[in-house]
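One structure is given here, and the rest of the page talks about it.
Because only heavy atoms are used, hydrogens play no part in the values below, and waters and symmetry mates are left out as well, while side chains stay in. We name chains A, B, ... by the order of the sequence lines, and we start the count at 1 in each one.
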Amino acid sequence: MSKNNDELFKNVIAHAKEYGFVFQSSEIYDGLSAVYDYGQYGAELKNNIKTYWWKAMVQLNENIVGIDSAIFMHPKIWEASGHVAGFNDPMIDNKDSKKRYRADQLLEDKIAKYDKEGKTDKAETLQLAMDDALKAEDFSRLKELIEEHEIADPVSGTRNWTEVRQFNLMFSTQFGAMAEGSDQVYLRPETAQGIFVNFLNVQKSGRMKIPFGIAQIGKAFRNEVIARQFILRMREFEQMEMQFFIKPGTEMEWFAHWKAARLKWHLALGTSPEKYRFHDHTKLAHYANAATDIEFEFPFGFKEVEGIHSRTDFDLSQHEKFSGKKLRFFDPQETDKEKQSYVPYVIETSIGLDRMFLLTLINAYEEQDLSEGDKKDSRMVLKFPPALAPIKATVLPLTKKDGLPEKARDIMDKLKLDFNLQYDEKDSIGKRYRRQDAIGTPFCITVDHQTLEDNSVTIRHRDTMVQERVNADDLEKIIGDLVSWKKVLA
RNA sequence: GCGGAAAUAGCUCAGCUGGUAGAGCAUCAGUUUCCCAAACUGAAGGCCGCGGGUUCGAAUCCCGUUUUCCGCUCCA
C-alpha cells in the first residue's frame, strides 16, 4: 500500500468512528477481534444499501422473491454442503518458512516415503498411530508423531513446528438448554444454504417457474484465522445473496447475464468504472463450472466485493442425497418426457454487505482544499449518492431568534414522515453546512428572514455548495425527486 | 499463526535521559455575528489499552496480555 493510500485508509477509518459510522465491538472492554458495530449513521447507510439491493433484485425482477431464513439450521445441512468436512483439518505451521500444512498430510507423505524406502514396518506403525490420533482428535499426539519421525518442512528444511491446531471456520454452539445430550449446531457460514433448503417451499408456495430466483440478506459467521483490514473481513458479517434456478445447459447464458447485471448495479451508483474489474476464476471450486469476482480497488488494492458463481446442481443434489427428499422442478413445457423433471442448476450472486459499505464510504470520502488566496479553507465531504445518504436533508434556521427556529420546525414536521431529516441551530451557518458535509447529507434547507415573508427557503447542495431558492411548499417534491431510487434504479 | 510497528481526551498527536498529563480540532453553555470551518468567555472530558515487575516514585524502563495497522500466510 502506498503511503498516500495508507493515509487515506486510516483517515477513512478515523472518520467512520468520529462521525458515528463504525465502532469496534466491545470497545470499552478492549474490543473483540474483527467484530465491528455500526453507529447511528452507519446503520442508516447500511440499511439504504440493503434497500438498494433488495429493490434491484427482488422488486424489479418479477421472477425473484426474497426470504429471510434462520441462522440456525439442521447440522446435517453443513455436512451436505461440505463445510463440516472441508473446514476441519488439523493444521501445523513451520515457524521458519511460515508455511502451513495439514498435519495428516505431512504424516501421509512420510508414510509413503517409508514405503518407498522399503521400511514397511515403520510405515505401518506410523499409519496406525496416526489413525488413532486422528480418530481421537488428539492433536498433541500428531505433533509428537511429527517430531518422533523427524519430519522437516520441505521448504525450510527445519523442524521448528508450532502446535497442531484445528481450524474450523464454523462457529458452533449448543442447541437445547441442557449441555449434556444436546446437539451441536453451527452459526451458518453462508446464507446460501437457507435458500437451497427452502427451494421447494418457495417454488411451490410461490408458484415459481424456472428460471426464477430466491434472494436473501442476512448474517453469516466465519471463524477466520486472521481477519483484518477493518470491516473487509469480519467474523460476523452480512451477505446479500441471490440463487437463480435455471434449466441445466443454460448456465453459461445466465452466468453472463448476471455478471453484466451485477456490474451495472454497482456502476449505477456513479462509481468510476476504472475502480471495478472482474476476476475470473481459473481454479474452480468443486461445485462450480464458472466463477468470477467483482473486485473494487480499495486503498489496499483490488479486493472481492461480490462473487458470481455457476454452482451447477451441486447444492440441490447434495440436499437430495442427505435429506432423502426430491428437490426437482417439473417442467410441463418440456416435450421430452425424460427431461421433464430435473434438479435445477444454480447461478449465485453473493455480495458482502459490509464490503459494499466500506466501498461506498471510501468512494464517497473526499478531503477538499477550498483555499482562496490567503484564506485557508478545507472541508471533509462524504459524497454519497443521495439515495444512500443516511440523512437526506437538514433544516437550518439562519439564526436562533426572530421566529426562525419555529418556522424551521414547521417545515421539518411536514417533511419528516417522508425523509430522514436533521435539525440544527447551533453554531454559525457555515459550520453547520460543513458538519452535514462530513456525514454526507446531500441537502441543507435554510430558513431565513425572507422565509417569514414569502415562504421561500434555500436548498444548499452538498457537492457544489451552491444554493437555490425555492418555495417551502415544493420541498417534498424537490427533495423527493433528488433522493429518489429512480436516480439509480431507472 | 509468524515477523514488523503502534496503543496518551471524541479525533490527530506532543510529553527529552522515570518525579503522579498537555495542545489543536471537535463537544457543551453563553455573548456577539447572520449564508459556508468567525471571534470571545467559560465548562466538561484521560487514573496514559489491561495486568504484573523494577523503583522512594512509572505514561516513560522490563515481562506478559489484548486490540489495531503493515508484510507474509490463509480465504467454498
Only counting residues at least two apart or in another chain, list the ones meeting side-chain hydrogen bond (donor to acceptor under 3.5 Å, both in side chains) with [X].
| X | value |
| --- | --- |
| A/Ser69 | A/Arg188, A/Gln216 |
| A/His279 | none |
| A/Asp413 | A/Lys416 |

- Can you name the ring pair (Phe, Tyr, Trp, His ring centres under 6.0 Å) partners of A/His149, sequence neighbours left out?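 Partners of A/His149 under the ring pair (Phe, Tyr, Trp, His ring centres under 6.0 Å) test: A/Tyr114.
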Write down the distance between [atom1] ([X]) and [atom2] ([N]), rounded to a whole number of angstrom.
| X | N | atom1 | atom2 | value |
| --- | --- | --- | --- | --- |
| A/Glu27 | B/rU68 | CD | P | 11 Å |
| A/Phe9 | B/rU68 | CZ | P | 12 Å |
| A/Lys303 | B/rC74 | NZ | P | 13 Å |
| A/Phe23 | B/rU68 | CZ | C1' | 17 Å |
| A/Met170 | B/rC75 | CE | C1' | 15 Å |
| A/Phe196 | B/rA76 | CZ | P | 16 Å |
| A/Asn223 | B/rA76 | CG | P | 15 Å |
| A/Lys17 | B/rG10 | NZ | C1' | 7 Å |

- Task: Verify the contact: side-chain N or O of A/Gln229 to OP1 or OP2 of B/rC69, cut-off strictly under 4.0 Å; return yes or no.
- Result: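 Negative; the distance criterion is not met.
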Distance between the [atom1] atoms of [N] and [M], in whole angstroms?
| N | M | atom1 | answer |
| --- | --- | --- | --- |
| B/rG49 | B/rU68 | C1' | 11 Å |
| B/rU66 | B/rG51 | P | 15 Å |
| B/rG18 | B/rC48 | C1' | 14 Å |
| B/rA43 | B/rA9 | C1' | 14 Å |
| B/rC62 | B/rU54 | C1' | 7 Å |
| B/rC72 | B/rC56 | C1' | 47 Å |
| B/rG53 | B/rG42 | C1' | 44 Å |
| B/rG1 | B/rA14 | P | 30 Å |

- Selection: residues 436-448 of chain A, any non-hydrogen atom under 4.0 Å of RNA chain B: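 Here the set is A/Thr446, A/Asp448.
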- Query: Heavy-atom contacts under 4.0 Å between residues 457-472 of chain A and RNA chain B, which residues?
  - Reply: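 Nucleic-acid contacts, sorted: A/Thr458, A/Arg460, A/Met465, A/Gln467.
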- Message: Under a 3.5 Å distance rule, please check whether A/Gln450 uses its side chain to pair with a backbone N or O of A/Asp448 as donor and acceptor.
- Response: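 Flag not set: sc A/Gln450 to bb A/Asp448 has no pair under 3.5 Å.
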- Query: How would you label the glycosidic angle of B/rU17: syn (within 90° of 0) or anti?
  - Reply: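 Judged by the O4'-C1' to base torsion, B/rU17 sits in anti, the angle falling more than 90° away from 0.
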Anything under 30° is parallel, anything over 60° is perpendicular, the rest tilted; go ahead and classify [X] against [Y].
| X | Y | value |
| --- | --- | --- |
| A/Tyr38 | A/Phe357 | perpendicular |
| A/Trp258 | A/Phe244 | perpendicular |
| A/Phe212 | A/Phe245 | tilted |

- Just checking, any donor-acceptor pair under 3.5 angstrom between side chains of A/Asp369 and A/Ser378?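 No, A/Ser378 and A/Asp369 have no side-chain donor paired with an acceptor closer than 3.5 Å.
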- Does any donor atom in the side chain of A/Asn363 or A/Lys383 lie under 3.5 Å from an acceptor atom in the other side chain?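 Distance-only check fails for A/Asn363 and A/Lys383.
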May I ask you to decide whether [X] forms a salt bridge with [Y], counting only side-chain N to carboxylate O separations under 4.0 Å?
| X | Y | answer |
| --- | --- | --- |
| A/Arg379 | A/Asp437 | yes |
| A/Glu297 | A/Lys303 | no |
| A/Lys259 | A/Asp293 | no |
| A/Glu236 | A/Arg222 | no |
| A/Glu306 | A/Arg262 | yes |

Please enumerate all protein N or O atoms sitting under 3.5 Å from an N or O of nucleotides 26-34 of chain B, with distances to 0.1 Å.
| unit_1 | atom_1 | unit_2 | atom_2 | d |
| --- | --- | --- | --- | --- |
| B/rU27 | OP1 | A/Arg435 | NH1 | 2.4 |
| B/rC34 | O2 | A/Leu398 | O | 3.4 |

- Query: Centre of A/Phe443's six-membered ring, under 6.0 Å away, within 45 degrees of the axis: is that where NZ or CZ of A/Arg460 sits?
  - Reply: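 Cation-pi check for A/Arg460 and A/Phe443: fails.
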- Query: Across the strands shown, which category fits A/Tyr29 at heavy-atom distances under 4.0 angstrom: base, sugar-phosphate, nothing?
  - Reply: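 Contact class for A/Tyr29: none.
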- Message: Does A/Ala34 reach a base, just sugar-phosphate, or nothing at all? Heavy atoms under 4.0 Å.
- Response: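 Contact class for A/Ala34: sugar-phosphate only.
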- Item | Check: A/Phe9 ring centroid to A/Phe298 ring centroid under 6.0 Å |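 Between A/Phe9 and A/Phe298, the centre distance exceeds or equals 6.0 Å.
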Between protein and nucleotides 48-53 of chain B, what N or O pairs are separated by less than 3.5 Å?
| unit_1 | atom_1 | unit_2 | atom_2 | d |
| --- | --- | --- | --- | --- |
| B/rG49 | O2' | A/Asp30 | OD1 | 3.1 |
| B/rG49 | N2 | A/Asp30 | OD2 | 3.4 |

Please list each protein N or O that sits under 3.5 Å from an N or O in nucleotides 42-44 of chain B, with the distance.
none

- Message: Could you write out RNA chain B as dot-bracket? Rules: Watson-Crick or G-U wobble, both distances under 3.5 Å, brackets [ ] for crossings, | for pairs with another strand, dot for unpaired.
- Response: (((((((..((((.....[..)))).(((((.......))))).....(((((..]....))))))))))))....
- Does A/Thr458 reach the side chain of A/Ile445, with side-chain heavy atoms less than 4.5 Å apart?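 Answer no - side chains too far apart.
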- Task: Using the side-chain hydrogen bond (donor to acceptor under 3.5 Å, both in side chains) rule, collect all pairs that involve residues 391-406 of chain A, keeping only residues at least two apart or in two chains.
- Result: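 For residues 391-406 of chain A: A/Thr394-A/Gln436, A/Asp402-A/His449.
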If you look only at distance, which donor and acceptor atoms sit under 3.5 Å apart when one is on a side chain in residues 14-28 of chain A and the other is two or more places apart or in another chain?
| unit_1 | atom_1 | unit_2 | atom_2 | d |
| --- | --- | --- | --- | --- |
| A/His15 | NE2 | A/Ala438 | O | 2.8 |
| A/Lys17 | NZ | A/Glu27 | OE2 | 3.1 |

